[in-house]
Amino acid sequence: MTQIDLSTQDLPTQDLSAQSIHPPEPQSTKSLVLAAMCLALFMTNFDGTTGDVALPQIQKSLGTNMLGVQWFLNAYHLPVASLLLATGRFGDFFGRKKIFLLGLAIFTVSSMLCGIAPNLPLLILSRFLQGIGAAALIPLSLTIVPATFTDEKARTKAIGIWSAVSAIAMVAGPGLGGLMIDSLSWRSTFFMNVPLGIITFLLTAKSFQENRQHTSKHLNLPSIALSISSIAFLTYLLTQGGTDVVSAFTMLTLSATCFSFALFCLAEVRSTEPVIPPALRHNRTFLVICMTQMLVFFMSGGLFFILSLFLQHVQNYSATMTGLCFLPMNAAIIVASFASGWVVARRGWRFPILTGLSMVSVAILTLTQIGTETAYAEILWTLVLAGFGGGLVIPPLAAGAMNSVQTNEEGIASAVSSISVQFGGILGIGFQGAIFSHRFSADLNQTLISLSIANNIREGLTTDAMRHFTDAAIALPNKLTSTAFEAALKQAFISGLHSTLFVAFGSLMISLGAIAFLIPKKVNSPVKPVHHNPPA
């Protein structure tokens, strides 16, 4: 494979060992760096979650169809997932501050372009550029935090705050974003990023000194290009392929994914400067943590979306009331995220992960008792328990991932960790959604058979119910009352919900076993080992 030869003499010499040349930063400067990283993460997560809320207004404002607004979403998520590995590598090689500021500039400018976009094609293009910027901000913000806070306790606390801000952004997205969309317009959510982006840029430029730990002379562009293409094909396959799993285009995308990934693996094995260092590929602790992150977000990715549908379709809550119903759980996530740093500093990161996973497992297993008549008050404590457990798990996983790698691997490690989170959420929505749909249609079909509904009518009712739920009760046969059909719909929904809950519980059990038995207790300490770079 061809490699680009970039001699270290052409790079700024002060970057080769930034931490050894620059004196320790005062606490006020470190706080400014943390604030900048949190602002960057808030913007990317907030923007990602408000997209779904803005879809109806965008569709109406620009006069597009559903396929158009789907591409509005995919135009953001495709580059985010595809470029995480590349931006992490670029940050290690060229300098984390340079790549972070470049990504921030792209994100801020493209946010302005999204806000003024007069038509859908320009909005999709601007949204794609936004995703490119976000792909730099997500992994490098996590890399810059531990590079700034060298003391192990301070680092763990800072990562906990970083993770808590991530949770706050995801909570605020639907609520605050929806309020801005309703009171102003969907364009306001993009304009908000402009002043925040400028503030973040100035804070980072002033407070964070350049940090580049990679000491190699080569940047393996072929492997980076193959990693981008394979992840892009896979992301598209997971987000769009489920609509028609046997189509020729889906099969072509699957083939392209496998071919690109095979070439990437071959290039990695033969390269003297692989994108993913061999030490990282053989780091069992890091790999187990990434697998756990994927399973945790696999569990949450689709489950709470289906729970929100339960409150709306089975309990007949409005969308606004459904959002309010999740506030106690979201508050528990935020509180536990802040508290987890204190726990990790005293007990190590393994203890809160095992405790949090156990709490979420109990909550999920309890939710399998939900029925059509279950009131919200009966599951409130379960949602709070699940939220608190999740808040205990996510920050220590991030801290454990960064503490388990060498300093010169932090950039690429944060990228791989971010990819595991992205794919976990995508897989959760796709796989759990498919399980729910299959169980829902099978249960409803069986009920209609027991009511002696003709085959052609039964198939039509099941198809409409999958698309519109209660709105499907428009033209019912004489022998089927609207009350009976609504009861059948709700019971089928509960059957689908139970199936997804058991799948989520299984993923949590695998995570618990992996953390408990595959990670040695000796790596539990929050203390990050000191690894010296080889001489330049």
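Every heavy atom of this structure was used, including side-chain atoms; hydrogens, water molecules and symmetry mates were not.
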Checklist entry - Given side chains that start at C-beta, do those of Phe298 and Val503 come closer than 4.5 Å, heavy atoms only? => result yes
Checklist entry - Taking only residues two or more places apart in sequence or in another chain, which ones pass side-chain hydrogen bond (donor to acceptor under 3.5 Å, both in side chains) with Ser141? => result Trp162
Checklist outcome for this item: Smallest heavy-atom separation, Cys114 atom then Trp186 atom, equals O-CZ3, 3.8 Å
Checklist entry - How far apart are the closest heavy atoms of Thr108 and Gly197, and which atoms are they? => result OG1-CA, 3.4 Å
Checklist entry - Between the side chain of Thr87 and the main-chain N/O of Ala135, is any donor-acceptor distance below 3.5 Å? => result yes
Next on the checklist: To the nearest 0.5 Å, what is the distance between CG on Leu392 and CZ on Phe351?
Outcome noted: 9.0 Å
Distance-only criterion, 3.5 Å: show the donor-acceptor pairs between side-chain atoms of residues 411-430 and protein atoms not counting sequence neighbours.
unit_1: Ser414; atom_1: OG; unit_2: Pro139; atom_2: O; d: 3.0
unit_1: Ser414; atom_1: OG; unit_2: Thr143; atom_2: OG1; d: 2.6
unit_1: Ser414; atom_1: OG; unit_2: Glu410; atom_2: O; d: 3.3
unit_1: Ser414; atom_1: OG; unit_2: Gly411; atom_2: O; d: 2.8
unit_1: Ser417; atom_1: OG; unit_2: Gln293; atom_2: OE1; d: 2.8
unit_1: Ser417; atom_1: OG; unit_2: Gln293; atom_2: NE2; d: 3.2
unit_1: Ser418; atom_1: OG; unit_2: Ser414; atom_2: O; d: 2.8
unit_1: Ser420; atom_1: OG; unit_2: Gln293; atom_2: OE1; d: 3.2
unit_1: Ser420; atom_1: OG; unit_2: Ser417; atom_2: O; d: 2.5

Next on the checklist: Just so I know, are the side chains of Phe297 and Ile394 near enough to count as touching, which here means a heavy-atom distance under 4.5 Å?
Outcome noted: yes
Next on the checklist: My understanding is that only residues two or more places apart in sequence, or in another chain, count here; which of them pass side-chain hydrogen bond (donor to acceptor under 3.5 Å, both in side chains) with Asp443?
Outcome noted: Ser495
Checklist entry - Do Gln130 and Asn193 have side chains that get closer than 4.5 Å, going by heavy atoms? => result yes
Checklist entry - Stepwise, does the side chain to side chain contact (heavy atoms under 4.5 Å, CB included) test hold for Leu489 with Phe440? => result CA-CA 8 Å; Leu489 285 175; Phe440 174 86; 3.9 Å; yes
Checklist entry - Please walk me through it: do Phe190 and Asp47 pass side chain to side chain contact (heavy atoms under 4.5 Å, CB included)? => result CA-CA 8 Å; Phe190 295 112; Asp47 212 70; 3.8 Å; yes
Next on the checklist: Please give me the minimum heavy-atom distance between Ile289 and Ala401, naming the atom from each residue.
Outcome noted: CD1-N, 3.5 Å
Next on the checklist: Taking side-chain hydrogen bond (donor to acceptor under 3.5 Å, both in side chains) as the definition, give me every residue that meets it alongside Thr204, ordered by chain and number, with sequence neighbours left out.
Outcome noted: none
Checklist entry - Is there a side-chain contact between Leu383 and Pro328, using heavy atoms and a 4.5 Å cut-off? => result no
Checklist entry - What closest approach, in Å, do Ala36 and Thr200 show between heavy atoms, and which atom pair accounts for it? => result O-CG2, 3.3 Å
Next on the checklist: Once rounded to the nearest 0.5 Å, what's the spacing between atom CG of Asn45 and atom CD1 of Ile138?
Outcome noted: 6.5 Å
Checklist entry - Under the side-chain contact (heavy atoms from CB on, under 4.5 Å) test, which residues partner Ala134, sequence neighbours left out? => result Thr44, Tyr76, Val80, Phe107
Next on the checklist: To the closest 0.5 Å, what do you measure between CD1 (Ile515) and CD1 (Ile510)?
Outcome noted: 12.5 Å
Item to check | Residues that Ala488 engages under side-chain contact (heavy atoms from CB on, under 4.5 Å), provided they are two or more places apart | outcome: Leu444, Thr447
Checklist entry - For the atom pair OG1 (Thr292) and CG (Leu287), what is the distance rounded to the nearest 0.5 Å? => result 10.5 Å
Checklist entry - Any donor and acceptor pair, going by atom type alone, linking the side chain of Arg350 with main-chain N or O of Gly400 inside 3.5 Å? => result no
Checklist entry - Partners of Ser358 by side-chain contact (heavy atoms from CB on, under 4.5 Å), sequence neighbours excluded? => result Leu512
Checklist entry - For Arg89 and Pro277, which heavy atoms make the closest approach, and how far apart are they? => result NH1-CG, 4.4 Å
Checklist entry - What's the spacing between Ile161 CD1 and Met37 CE if we round to 0.5 Å? => result 14.0 Å
Item to check | Phe310 side chain reached by Ile494 side chain, heavy atoms, under 4.5 Å | outcome: yes
Item to check | All side-chain contact (heavy atoms from CB on, under 4.5 Å) counterparts of Ser230, not counting sequence neighbours | outcome: Ser260, Phe261
Item to check | pair Leu365-Val362: side-chain heavy atoms closer than 4.5 Å | outcome: no
Next on the checklist: Is the shortest side-chain heavy-atom distance between Val360 and Met299 below 4.5 Å?
Outcome noted: yes
Next on the checklist: Ignoring hydrogens, what is the shortest heavy-atom contact between Ser404 and Asn283? Give both atom names and the distance.
Outcome noted: O-ND2, 2.7 Å
Item to check | Residues in ring pair (Phe, Tyr, Trp, His ring centres under 6.0 Å) contact with Phe505, at least two apart in sequence or another chain | outcome: none
Checklist entry - Hey, what do you get for CG (Leu140) to CZ (Arg96), rounding to the nearest 0.5 Å? => result 8.0 Å
Next on the checklist: Walk me through whether Thr148 and Leu34 qualify under side chain to side chain contact (heavy atoms under 4.5 Å, CB included).
Outcome noted: CA-CA 8 Å; Thr148 302; Leu34 179 59; over 6 Å; no
Checklist entry - So do the side chains of Met43 and Leu104 get within less than 4.5 Å of each other, counting heavy atoms only? => result yes
Item to check | Derivation of the side chain to side chain contact (heavy atoms under 4.5 Å, CB included) call for Val296 and Leu357 | outcome: CA-CA 9 Å; Val296 167; Leu357 288 174; 3.8 Å; yes
Checklist entry - Checking Glu268 side chain against Val275 main chain: does a donor-acceptor pair fall under 3.5 Å? => result yes
Item to check | Partners meeting salt bridge (Lys or Arg N to Asp or Glu O under 4.0 Å) with Arg284 (sequence neighbours left out) | outcome: none
